[in-house]
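Here's the structure we're looking at; comments come further down.
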Amino acid sequence: MQRFWTILLVLFLGVTLAGCAASKKKGGTVEVEDATIGGSETEVTTEATASGVDSDDTTAGEIITIDQDDADMDDPLGQRVVYFDFDSSNLTPEAQRVVEAHAQYLSSNPGMAVVLEGHADERGTREYNLALGERRANAVSEIFQALGVAPDAIRTISYGEERPISMGQDESAWSLNRRVEILY
Amino acid sequence: MVTRMKGFQKALVLLFAAATAFILPGRAAAALTIEITQGGRSGTPIAAVPFHWQGTGDPPVSLRSIIAADLHRSGRFELLPPSDFLSKPSEFSEVRYKDWRLIKAEVLVVGRIVEKGPDQFEVSFQLLDVYRERVKVGLRYSATAAQLRQVAHQISDRIFYEMTGIKGAFDTRIAYVTMQLSDGGDRIYQLMIADSDGHNAQQILNTTNLPVLSPAWSPNGQWLAYVSFSDGRSGANVWLQDISTGTRRPVARFDGAASAPAWSPDGKSLALTVAAQGNTDIYVLEVASGELHRLTKHQAIDTEPAWSPDGRYLVFTSDRSGRPQIYRVSRNGGKVERLTREGKENAGASYDPTGKRLVMVTNRGQGAGYQIGVFYPASGRTDVLTDGTLDESPTFSPNGAMILYATRLGSDGVLVAVSADGRVRQVLKLTDGDVREPAWSASR
């Protein structure tokens, strides 16, 4: 229950700051600051690694290999990030397992709010990637709803390619950036 | 409960305002550095003589350098080096035409800048045809020191028009986004406007950890529409900002994230992308009334709308065939027609002022990555102009003679201005951080 109030406070902060940010202005230039990001980013688990295939030329839905040493392997709830193939919003079998586990947890804990953040790698245009992140977040949202999470408890947001986890310019970096973060 | 919340909310706002005010003075607007990386030794040979200075001290700016850089960047001129000049006339009456035929100049620019009073200058120039031995055009300007760069661009525009028959676009502005990482790991975004050559950069928006993208100029140059986020928990929205006053507002509240704004040629409508239930489609918003019309309805990604110059059609990117390609639809909606058929992916297209060419991001496959292509809808042909792997956000200059786009140079994002034939390239970069998302205004 404590967690519920924390989330409410974070959401409330976001709304408050939004109102403030929109009105601030100084001599032709406008300043906007997102003070909630620090809080939300520390919750993100980035240790889960998807590696292997160069999905550029593979068909959507191909199985990606998961690092077997990952300590979170046995507990899908410990994984807060699911990864996607290039230009795809289809969930891999591993991602499906993680998403379903979170869906079951959330549907049995009504009142909890969840934010699904969709992201893309840097290939392709920024606007296309914003749409792709939207579609990825929505793919996770649809499974959540199908498994009984209240639609009102889910918010989706896409950052496209604007918030990469890895700054590299190869498949190992791109595979970490094509993701949905499950934040609650 | 409600009243307690209100007091709490007020305290938070005050705290936040204080923190922001404290942070402000440390942030300097990032200035661009400019270098020409690839010269073209073709085009009309032109001699531009350094302008004669008549005043105290040094002249405020070198008009000749600004004009020469403009003309060179266009790819239409070969600038002859002043060290080859046999004489330094400043007016048509002083010109010995044979001095210029000897160094194979076809046209000659001469001029002077006279200090008439405190912060008051008079600039005059003539453009001369060396073989016909006559003045093609001569003009005089009055200006303050701060206006002299603009005078130089207006002279470049006039020379460009006399020599090509195409309206010059040097006296215009560009918008772009910079991103710098702070010591604390925050992403600092600035929305900037500058002269078309990257000078006189001015910050108009500064955000921390909230991405800014897709700036779009209103046709009259007064407004910028762009995509940003109001906080870390809401989706993207399209904002409108008056660039002279800094006043800004979300263009509307949509049932989902909104992005990819594009002004209609008459400045009355904005085409944009709205994501409803995670699926993006193209809409047209009437800016004055707030009326919203839906143009596409498809479960695929539809985004990046851009108007035809006559305002009758929009092109957009869709992955309805599996991979992103360029499609066209009437501004009233209806049947959607696929335009691009070659290339693995094509996206982010926009028209030139004639409506006969589109500039876009193209991926030809086989690991080629993303380059800038010019696509001719009538023939279906695409000319690939660049050789990067992550070239993006191309925009035609308002006269269609140049293309500005974003690419990576090492680990930095930079802008490149390229003549439409691809021969001459100029790089605009920051000493520290990324430059991206260029947009070229149609007017000053």
Side-chain angles (χ1 to χ4, degrees), chain A residues 10-22 24-41 54 56-57 87 89 115 117-118 122-128 130-139 141-142 155-163 167 169 183, chain B residues 9 12-13 16-17 19-20 23-24 187 202-211 213-214 227-236 241 243-250 257 259-260 273 275 277-280 301 303-304 317 319 323-324 345 347-348 361 367 369-370 390 392-393 408 411 437:
Chain A
V10 168
L11 285 172
F12 175 63
L13 255 168
V15 170
T16 312
L17 297 180
C20 178
K24 202 148 13 70
K25 188 177 70 167
K26 198 187 180 190
T29 186
V30 180
E31 303 273 341
V32 187
E33 187 154 1
D34 172 22
T36 60
I37 180 146
S40 63
E41 284 208 334
D54 176 357
D56 194 295
D57 291 301
D87 196 17
S89 51
V115 176
E117 254 186 37
E122 64 182 353
R123 292 173 298 169
T125 60
R126 291 179 186 276
E127 283 286 355
Y128 183 83
L130 203 55
L132 183 58
E134 198 76 44
R135 192 157 75 178
R136 284 176 176 155
N138 194 58
S141 172
E142 280 178 358
R155 294 181 71 174
T156 58
I157 177 168
S158 173
Y159 285 107
E161 64 180 273
E162 309 304 324
R163 288 185 169 177
M167 298 300 285
Q169 295 193 276
L183 306 173
Chain B
Q9 181 172 7
L12 271 178
V13 171
F16 179 66
T20 311
I23 294 164
L24 290 186
R187 290 188 171 104
Q202 181 193 340
Q203 175 197 290
I204 68 157
L205 176 74
N206 181 331
T207 73
T208 301
N209 293 324
L210 298 169
L213 60 159
S214 305
V227 175
S228 192
F229 297 75
S230 44
D231 58 67
R233 300 270 158 172
S234 310
Q241 186 162 335
I243 63 163
S244 51
T245 65
T247 311
R248 70 176 208 142
R249 64 175 173 90
S259 62
T273 301
Q277 277 85 50
N279 174 49
T280 53
I301 287 175
T303 187
E304 300 177 322
T317 307
D319 74 337
R323 280 293 170 90
E345 295 175 35
V361 177
Y370 298 85
L390 269 176
E392 61 182 359
S393 308
R408 297 202 77 82
S411 61
E437 300 290 275

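Sequence lines set the chain letters: A, B, ... in the order given, protein chains first and strands last, and positions in each chain run from 1. Just so it is clear, the model here is predicted, and its values are computed rather than measured.
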Nearest-0.5 Å distance that lies between atom CD in B:Glu437 and atom CZ in A:Arg126:
5.0 Å
Verdict with reasoning, B:Asn279 to A:Arg135, per side chain to side chain contact (heavy atoms under 4.5 Å, CB included):
CA-CA 6 Å; B:Asn279 174 49; A:Arg135 192 157 75 178; 5.9 Å; no
Residue selection (most heavy-atom pairs with chain A, distance under 4.5 Å) from B:Pro211, B:Ala347, B:Gly235
B:Pro211
Nearest non-hydrogen partners of B:Ala275 and A:Glu134, listed with the distance:
CB-CG, 3.5 Å
The reported gap from CZ in B:Phe229 to CD in A:Glu162 (rounded to nearest 0.5 angstrom) is 7.0 Å
With rounding to the nearest 0.5 Å, note down the distance linking OH in A:Tyr128 to CZ in B:Arg323.
8.0 Å
Top residue by heavy-atom pair count (under 4.5 Å) with chain B, among A:Ser89, A:Ser158, A:Ala137, A:Gly124?
A:Gly124
Please give me the minimum heavy-atom distance between A:Asp87 and B:Pro324, naming the atom from each residue.
OD2-CD, 3.8 Å
Pair A:Arg163-B:Asn209, side chain to side chain contact (heavy atoms under 4.5 Å, CB included): steps then yes or no:
CA-CA 9 Å; A:Arg163 288 185 169 177; B:Asn209 293 324; 3.9 Å; yes
Please classify the contact of A:Ala131 with chain B as side chain, backbone, both or neither, using a heavy-atom distance under 4.5 Å.
both
B:Leu213 versus chain A, heavy atoms under 4.5 Å apart: side chain, backbone, both or neither?
side chain
Rounding to 0.5 Å, atoms CD1 (B:Ile301) and CG (A:Leu130) come to a distance of 10.0 Å
CG (A:Asn138) and CD (B:Gln277) are apart, to the nearest 0.5 Å, by 7.5 Å
Heavy-atom contact with chain A under 4.5 Å, split by part of B:Ser259:
both
Picking from B:Thr273, B:Val361, B:Leu390, which has the most non-hydrogen pairs under 4.5 angstrom with chain A?
B:Leu390
Run the side chain to side chain contact (heavy atoms under 4.5 Å, CB included) check on B:Ser214 and A:Glu127 step by step: do they pass?
CA-CA 8 Å; B:Ser214 305; A:Glu127 283 286 355; 2.5 Å; yes
Applying a strict 4.5 Å limit to non-hydrogen atoms, the region of A:Thr156 in contact with chain B is neither
Interatomic spacing from CD in A:Gln169 to CZ in B:Arg408 - rounded to 0.5 Å
5.0 Å
With a 4.5 angstrom heavy-atom cut-off, could you sort out which part of B:Arg249 is near chain A: side chain, backbone, both or neither?
neither
